[in-house]
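A note on names: the letters A, B, ... follow the listed sequences, proteins ahead of strands, and every chain is numbered from 1. Source: prediction; values computed, not measured.
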Amino acid sequence: MKYIDEYRDSALAQHIAAAIRNAASPARIYRFMEFCGGHTHAIARYGLPDLLPDNVHMIHGPGCPVCVLPIGRIDMAIELALRHHAIVCTYADTLRVPASDGRSLLRARAQGGDVRMVYSVADALKIARNNPGEAVVFFAIGFETTTPPTAVAIRQARAEGLKNFSVLCCHVLTPSAIINILESPEVRVLGTVPLDGFIGPAHVSTVIGSRPYDFFAEEYRKPVVIAGFEPLDVMQAILMLVRQVNEGRAEVENEFTRAVTSGGNEKAQKLVSEVFELRRSFEWRGLGEVPYSALKIRSHYDEFDAERRFDLEYKPVPDNKACECGAILRGVKKPTDCKIFGTVCTPENPMGSCMVSSEGACAAHYSYGRHKHAEVPA
Amino acid sequence: MSGQVKAGYARALDIKRGRVDLSHGGGGRAMVQLVRELFARHLGNTWLEQGNDGTVLPPISGRLVLTTDSHVVAPLFFPGGDIGSLAVHGTVNDLAVMGARPLWLTAGFILEEGFPLGDLDRIAASMARACAAAGVLLVAGDTKVVEHGKGDGVFITTTGVGEAHPHCTLSGSAARPGDVVLLSGTLGDHGMAIMSQRENLGFDTPIESDSAALHGLTARLMACAGADIRLMRDPTRGGLAATMNEIADQSGVGVLLDEAAIPLRPEVAAACELLGLDPLNVANEGKLVLVCAEQAATALLATMRAHPLGRAAARIGGITTDANHFVQMRTQLGGCRMVDWLSGEQLPRIC
Ligand code: SF4
């Protein structure tokens, strides 16, 4: 397929692959975490592990916004649709995330809830304008890239006097999640997840800049390379990480010079802080309660906060007992370590959130990589 | 489909400004008028005009091939086609890929109360053009009307009858390891044409649907090397990925595709990228996948390329031995990955 060829050139890929093979010392194992679901997807979709030497391992991180949503948050959205009869606008991926009691937004829709699939918050605004008699709620998920558009929409709703629009805010923050992983006993004390470095998220970094990573590169002595989502970006980042490890460096490097600056997009940051403030704590699937790791809508914009408007209460719900999503999101386990991977749990009938989004580690492995571990049927 | 309304007695159907109402499905004079002044005007032929509960058709010498398909596409009109032409092409193609010569179609319309007669007229005209181009006749039809809000404009179900090629043994279970996979052109054009029209998408690219009748192309291929063709498919819903997985399952084989060989329009690629879709999962309405014995691959590919609907045809992979029946693809970068069925409902109402 011929497109965006510059970043998907096969000869260049082979060239970088050879450089990685040359640089990687056979005497050691390199373990890098790609934080972002976008990277997880690119690695699986382009079959990158086939291009890496056996001693360079990629570990999937928690940067898939759909995957980290805890069950309780999906329950809130279902409650909005079924009990408060609101029109709930959401991205396609969240429709199938399993909620409590075998429910999901897709099933809520089949039960008569008005749940609509949108591609952006602007679509939700449009639905609110076209349905003035109904409450319209945007189920806002995602990391720093999706936050500014939500902020813009809330300001726009106020400017237009759009009284029926509100947001169920589940925006989360990248740096706090990375720090949480680095602070986890598995990484710090037990050494069960020996991480040698991170591939940092490109799109997020265009907003927040590369500066926030300086702290944990220094504090935790882990190299970070910020990389784009194209497969060659990922390959290049892996090469840069291998070199840093070899040279004993722990720096923040930027592979994605196309768009990331140290300070990020200050205009977007200002916009976000005008509309949102830090939540004291937020539950992540897999990571549990993480302090100051998510955003909520400032009281100044109260009327657009669905949690306050509908008096929703967050009730934590434990994950399905067999599901290893938590450990997978922390990088402790691989999808194939889960006993029900590919048998009970498939993309058609997901038991955990990692099997839903194509950026989820289980779904990516199931859809793109399961041929590698498949047993030959008798 | 005839009636008792004498011309000149009733006011003519106001096709410009009129709308479908419940009486158009009620079995009374209004329905007869709709059939006569709108449908028959475009689609009329001697079979349709028999006007009985069923149409009596002449005998044919070969085996019959029968297929049926419902169409619920939204929007109803899109670049490169509309629900009318799509309903004809969809069913003609299902016959064509079975190696059959399409002969007759029937059409069932479910109309929503309030639907503009002008739009219905355009759809009927478009069906008539597609039927004429494909050399098939619409020989029976039905209309029902549902209350406002209970449908979405028009749904059309078409059933097709064709005559099988005398020695045709095409079957989804006929692929063998060592066989070659050919594709008649670029992937994903129909799906992305529809997506780009849906008002809630922020892009406006000139992508046209590939909706077309494939029977001319399939007839030439059958004539070229019919005995070496194992099977043909039109990769509609679920795209090439679904089609190849079906073949792998039915034939009990594996498939290995070559990503670099798969033709793709740059604008379709860009739109897929924007929406996070894999072009392999996106629907086509005028493309052909063909599996054949290696010895005939070169000749069949040349035949495809010589046909207007196969100019961009390519050899995109081969059939392998694989007890798991996996479809795999060598990626552009030289890695290997699975090509799985699409899970979920990324693109509803695409055809
Ligand atoms: S395979 Fe399913 S149940 Fe197992 S960890 Fe992944 S998402 Fe959870």
From the list A:S367, A:G369, A:A44, A:A13, the residue making the most non-hydrogen contacts under 4.5 Å with chain B is A:S367
Discussion item. Just so I understand: if I count every heavy-atom pair under 4.5 Å between each of A:L51, A:L48, A:V356 and chain B, which residue has the most?
Written reply: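 Counting heavy-atom pairs under 4.5 Å, the top option is A:L51.
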Scanning both residues in full, the closest heavy-atom pair of A:R45 with B:R337 reads O-NE, 2.9 Å
Task: Closest non-hydrogen atom pair between A:Y366 and B:M338, with its separation - done: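 The pair with the smallest heavy-atom distance is O-CE, 4.3 Å.
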Rounded to the nearest 0.5 angstrom, the CG-CD distance for A:L232 and B:Q332 is 9.5 Å
Output for pair (B:D340 CG, A:R370 CZ), nearest 0.5 Å, gives 4.5 Å
message = One pair to check against side-chain contact (heavy atoms from CB on, under 4.5 Å): A:Y368 and B:T331. What are the steps and the verdict?
response = CA-CA 11 Å; A:Y368 295 128; B:T331 73; over 6 Å; no
Applying a strict 4.5 Å limit to non-hydrogen atoms, the region of A:A11 in contact with chain B is neither
**Prompt:** Are more than 12 heavy atoms from other residues, nucleotides or ligands located less than 6.0 Å from atom CG of A:D54?
**Reply:** no
Problem - Over 12 foreign heavy atoms within 6.0 Å of NZ, A:K372 - result: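 More than 12 heavy atoms, drawn from other residues, nucleotides or ligands, come within 6.0 Å of this atom.
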Quiz prompt | Residues which pass side-chain hydrogen bond (donor to acceptor under 3.5 Å, both in side chains) with B:E246, listed by chain and number, not counting sequence neighbours | solution =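 For B:E246, the residues satisfying side-chain hydrogen bond (donor to acceptor under 3.5 Å, both in side chains) (neighbours in sequence not counted) are B:R233.
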